[in-house]
Each structure stands twice: as structure tokens, then as C-alpha cells.
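A, B, ... follow the sequence lines: proteins, then strands. Residue 1 opens every chain. The model shown is predicted, which means the values in this text are computed figures rather than measured ones.
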2 protein chains.
Amino acid sequence: MASREYGQYCGITRALELVGERWALLIVRDLLVGPRRYGELQHGLPRIPSNILASRLKELQEAGIVRRIPRVRQIVYELTPYGRELEDVVIALGRFGFKALGDPREEQVVTADSLTMTFRTAFQPDVASGLPPTSYAALVGPAALHVSVAGSRLQVARLDEAPVDLRFEAGPDIRRLISGETSAEEAIADAAVRILDGPPELLHRFARTFHLAA
Amino acid sequence: MASREYGQYCGITRALELVGERWALLIVRDLLVGPRRYGELQHGLPRIPSNILASRLKELQEAGIVRRIPRVRQIVYELTPYGRELEDVVIALGRFGFKALGDPREEQVVTADSLTMTFRTAFQPDVASGLPPTSYAALVGPAALHVSVAGSRLQVARLDEAPVDLRFEAGPDIRRLISGETSAEEAIADAAVRILDGPPELLHRFARTFHLAA
DNA sequence: CCGCATCCCATGTGATACTG
DNA sequence: CAGTATCACATGGGATGCGG
């Protein structure tokens with residue numbers, strides 16, 4: 001156990017001892033969206049072996065990052081306040097990794113929680129605060145999200161029946177819209193994004209609200 | 001090789017594929033301070049096996065994060081512009097891990113580069129910009145640094161012979177000064193920090209300039 | 001079912017030694 | 001100094017089992 005330590009008295013080192021193991025920060029990423037059950041985490045991390053998920057959850061609890069909450073007939077895991085402080089780390093990683101994303105490969109999936117965190121990463125509060133409140137229904141592969149922007153505040157939730165200003169469907173190549181490589185108009189023309197409901201011009205507002213440098 | 005991938009189309013996931021391996025971000029941490037030779041990296045990471053250092057450097061090059069520069073009679077590694085973008089990640093990790101640092105253990109060392117990045121993490125530009133330019137000589141264990149603050153700008157370098165406003169020596173418990181658990185006055189009284197030269201009151205300014213929440 | 005625990009094998013890691 | 005080579009061992013991955 002001590003062999004996994006780096007032997008340095010340094011905050012960065014300590015952080016990596018706590019969350020540097022494989023899969024750990026991806027579990028945190030999903031828990032940043034909300035409390036999750038064991039099986040929900042498995043679904044959000046399709047390739048994680050179940051023994052690894054179990055041990056990571058145990059380690060994250062010992063580190064004070066995750067709390068295990070037994071409820072009637074189900075158990076949920078949620079971040080502690082300290083665990084929620086990892087949001088900065090996850091966002092910074094997301095910004096960095098986005099630039100190296102490239103084109104989606106066949107075996108790569110998009111999950112609801114990863115897309116939610118991508119929206120949070122790409123969100124431009126300063127731009128949004130100058131725009132009227134807008135709600136979107138985003139259908140990206142298997143993920144169906146309700147994205148609502150009001151002032152500089154962003155809320156992303158599972159899609160429900162509530163009405164939205166713009167409903168659209170897209171593949172992983174929505175990345176090019178967020179990076180600005182493709183304009184909203186081009187994305188619609190290429191059918192990279194398909195407008196299902198609402199005025200297509202709103203897609204341009206969406207692209208301004210969510211942007212990450214490539 | 002593909003087995004190390006997470007199978008998700010997501011920036012956070014991609015970032016972890018690039019720099020999530022053990023030791024990788026610690027190598028980046030040291031290279032954020034400046035270009036380093038192979039042997040210098042070994043010294044800054046006392047417990048890294050040499051084969052691991054070699055393969056990490058190779059992987060970081062393939063990822064476009066590190067550049068290998070052969071010079072006359074020596075080879076240096078430096079971050080690419082893309083690699084330098086990891087500073088946000090490293091700083092965020094440092095902030096997070098600092099809170100879990102606890103007291104230094106016997107086998108834990110403080111290196112010059114890790115301390116340099118700790119200063120960068122703890123630096124409060126807004127506070128500093130309201131204070132007169134100040135230079136410090138900080139001797140923490142084997143690390144001897146020249147820290148100079150001017151306006152909202154911080155520069156940390158290896159200690160040289162140039163005069164400084166305050167010269168002090170401390171152990172790893174300098175952490176308590178940075179976290180605010182100990183005031184500058186207490187730190188001097190406890191001999192946690194020993195003033196070698198200059199007006200002791202400047203240590204209070206130092207503590208205001210460098211602060212991280214505990 | 002859901003929430004894990006166990007088993008087994010492939011791979012990655014760590015310590016040491018060695019080489020151009 | 002800047003790495004390779006080697007080998008023991010720990011960890012991760014995948015399948016499977018099992019109790020509540």
C-alpha cells in the first residue's frame with residue numbers, strides 16, 4: 001500500500017495518490033453529475049471491471065471523496081464536499097483532452113454523464129449572461145439531455161417531457177460544432193446536426209454558449 | 001495498447017489516456033518549471049524506476065506533450081505548447097491535494113521543482129498586486145529557491161547570490177504557514193521558520209502572498 | 001436483479017543490473 | 001549521462017459466482 005505512494009511531500013503528489021489510479025477520476029466525473037448507484041456507474045463506464053469499480057469506490061471512501069449511502073433496497077454513492085472540489089481538476093482535464101479528441105472511433109461511446117460534464121466544461125457563462133434564457137433538448141447517441149441556460153447559470157439533466165426552445169439530434173461530431181471547426185449553419189447543412197423542433201437559428205446560440213478551443 | 005483506452009468519446013477520458021499513467025503528471029509538473037535533463041528528472045523523482053521514466057518520456061512525446069531536444073553532449077526534455085496547457089490541471093490537483101497533505105512523514109522529501117510548483121499553486125496575484133515588490137530566499141530542506149514577487153507577477157528560480165528582502169529557512173511544516181493554521185509570528189516563535197536575514201515582519205507578507213485553503 | 005467477491009491470466013510496474 | 005535489459009511482483013481485465 002505504501003508502495004503506491006510517491007514519497008514526496010507535495011500537494012500534487014498527494015492528489016495523485018488519492019485519485020490517480022486508473023478509472024478513479026472517471027468515477028468522480030460521473031458522480032459530479034449526481035449520486036449514482038453501483039449499476040448506474042457500471043453502465044456509465046461500460047468497460048470497467050466490476051472488481052475494479054468495487055475497490056475504487058472503497059478507496060475513494062477512505063480518501064473522504066465518496067460517501068456510501070444505504071437506502072431502502074438500494075445503495076447510492078455520492079461525492080462528499082471534498083470530493084466535489086475535484087470539479088476543477090475534471091474540468092481542466094476535459095479542456096485539455098478535448099483538443100486531442102480527434103474523430104470518434106467505432107468502439108467509442110458517448111454516455112449521458114460524460115456528455116453532461118462536457119457541456120459543463122464547454123459552458124461560457126460570460127457569453128450566456130448576455131443571451132436570453134434558452135433550453136435545449138440534446139440527443140447525442142444514447143444520451144438524451146435537457147440543457148437549460150439562464151443568465152450565467154447552466155443546468156443539465158436527463159431529458160424529460162418539458163418543452164424546450166430547440167430540440168436537436170447529433171452524433172459525436174457535435175465536437176466540431178463546439179470547437180468552432182463547423183458553424184451552426186454548416187452543421188445543419190451537413191446533417192451533422194438534425195433539428196427536430198424549434199427555430200434552427202437557435203443552434204448558433206447553442207454554439208456560442210458552449211465552446212472549447214481545438 | 002488499445003486496452004489502455006477507456007472506450008469513451010470524451011475529453012476527460014482522452015486526457016487521462018494521455019497523462020493518466022502513473023508518474024506522468026509528476027514528470028509534467030517538473031517540466032512546467034523548466035526544461036530538464038534525464039538525470040535531473042530522476043533526481044526530482046527519487047523513487048521513479050529508470051525504465052518507467054524512459055517509457056513515460058516516450059509516451060509523452062508521442063502524445064505531443066514533451067519534446068526531446070538533443071544538444072551538444074546533453075539531451076533536454078521540454079514541454080510543447082500543448083504540454084504547457086497542463087498547468088491548469090496540475091495547479092488544480094495541487095490545490096486539491098494540499099488539503100489532504102497532513103503532516104510530513106519521515107520518508108517524504110521536498111524537491112526544488114515540487115516546491116516551485118507549490119508556490120505557483122499558492123500564489124495570490126490579487127493580494128500581491130497590492131503589495132510592494134518583494135524577493136525571498138526560501139530554504140526548505142534540500143530546496144533553495146529565489147522567489148520574487150512584483151505586482152501580480154511571480155517568478156521562482158534556483159537560489160543565486162542576488163540579494164533578497166527576506167531570507168528564511170523552514171521544514172515541510174511551512175505548509176501550516178501557507179494554510180494559515182499558523183501565523184507568521186507563531187511560525188517564528190515555534191522556530192518552524194527561522195529568519196536568516198531581513199526584517200521578520202516580511203514573513204507575514206509572504207504568508208499573505210502565498211495561501212492555500214486547508 | 002443488484003451489489004459486490006473470487007479466480008485466473010495478461011499487462012504494467014518496480015528494483016537492480018548493465019551498456020553505449 | 002542517458003538510457004536498456006531482465007525478472008519478480010502487483011495491478012488491471014474479464015469471466016463467473018453468489019448472497020440478499
Undergrad: Over its full length, what angle do the end axes of the helix from dC1(C)-dG20(D) to dT19(C)-dA2(D) make, each axis taken from five pairs and the result rounded to 10 degrees?
TA: 30°

Undergrad: Distance check needed: dC1(D) C1' versus His43(B) NE2, whole Å only.
TA: 11 Å

Undergrad: Between CD of Glu169(A) and CZ of Arg194(A), what distance do you get to the nearest 0.5 Å?
TA: 4.5 Å

Undergrad: Whole Å only: how far is the CG atom of Leu26(B) from the C1' atom of dT13(C)?
TA: 15 Å

Undergrad: Tell me which nucleotide among dC2(C), dG3(D), dT13(C) gets nearest to the side chain of Glu21(B).
TA: dT13(C)

Undergrad: Between Asp103(A) and Arg176(A), does any NZ, NE, NH1 or NH2 come within less than 4.0 Å of an OD or OE carboxylate oxygen?
TA: yes

Undergrad: Under the 6.0 Å and 45° cation-pi test, does Arg120(B) pair with Phe210(B)?
TA: no

Undergrad: Give a yes/no on whether any side-chain N or O of Trp23(B) is located under 4.0 angstrom from OP1 or OP2 of dG14(C).
TA: yes

Undergrad: Quick check for you: among dG14(C), dG13(D), dC2(C), whose closest atom lies nearest to any side-chain atom of Arg22(B)?
TA: dG14(C)

Undergrad: Under the 3.5 Å rule, do the base of dA5(C) and the side chain of Ser50(A) count as making a donor-acceptor pair?
TA: yes

Undergrad: Would you indicate which nucleotide in dC1(D), dG14(D), dG3(D) comes nearest to any side-chain atom of Pro49(A)?
TA: dG14(D)

Undergrad: Would you mind classifying the nucleic acid contact of Gln42(B) as base, sugar-phosphate or nothing, using non-hydrogen atoms under 4.0 angstrom?
TA: nothing

Undergrad: Whole Å only: how far is the CD atom of Glu5(B) from the P atom of dG12(C)?
TA: 12 Å

Undergrad: Indicate, with a heavy-atom threshold strictly under 4.0 Å, whether Arg73(A) touches base, sugar-phosphate, or nothing.
TA: nothing

Undergrad: Using the ring of Tyr6(B) (Phe, Tyr or Trp, six-membered ring only), decide whether Arg22(A) places NZ or CZ under 6.0 Å from its centre and within 45 degrees of its axis.
TA: yes

Undergrad: Among the nucleotides dC4(C), dC2(C), dA15(C), which one has an atom lying closest to any side-chain atom of Tyr77(A)?
TA: dC4(C)

Undergrad: Report yes or no: is there a donor-acceptor pair, N or O only, under 3.5 Å between the side chain of Asn51(A) and the base of dG14(D)?
TA: yes

Undergrad: Going through the checks in order, is the salt bridge (charged side-chain N to carboxylate O under 4.0 Å, His left out) test met by Asp165(A) and Arg205(A)?
TA: CA-CA 11 Å; Asp165(A) 300 310; Arg205(A) 185 187 294 177; 5.8 Å; no

Undergrad: For Gln61(B) and dG3(D), what is the distance between atoms CD and C1' respectively, to the nearest whole Å?
TA: 12 Å

Undergrad: Is there a side-chain contact between Leu26(B) and Asp30(B), using heavy atoms and a 4.5 Å cut-off?
TA: no

Undergrad: For the side chain of Arg56(B), starting at C-beta, report the closest nucleotide among dT13(C), dG13(D), dC4(C).
TA: dT13(C)

Undergrad: Does OP1 or OP2 of dA10(D) have a side-chain N or O of Arg4(A) closer than 4.0 Å?
TA: no

Undergrad: In whole Å, I'd like the distance from the CD1 atom of Ile48(B) to the P atom of dG12(C).
TA: 16 Å

Undergrad: For Ile52(A) and dA10(D), what is the distance between atoms CD1 and C1' respectively, to the nearest whole Å?
TA: 12 Å

Undergrad: For Arg153(A), does the CZ atom have more than 12 heavy-atom neighbours from other residues, nucleotides or ligands under 6.0 Å away?
TA: no

Undergrad: Give the rounded distance in Å between these two atoms: CG of Leu45(A) and P of dG12(D).
TA: 14 Å

Undergrad: For a quick test of reading the model: is some side-chain N or O of Lys58(B) closer than 4.0 Å to OP1 or OP2 of dA2(D)?
TA: no

Undergrad: Distance check needed: dG3(D) P versus Glu59(B) CD, whole Å only.
TA: 15 Å

Undergrad: Does Pro81(A) reach the side chain of Arg67(A), with side-chain heavy atoms less than 4.5 Å apart?
TA: yes

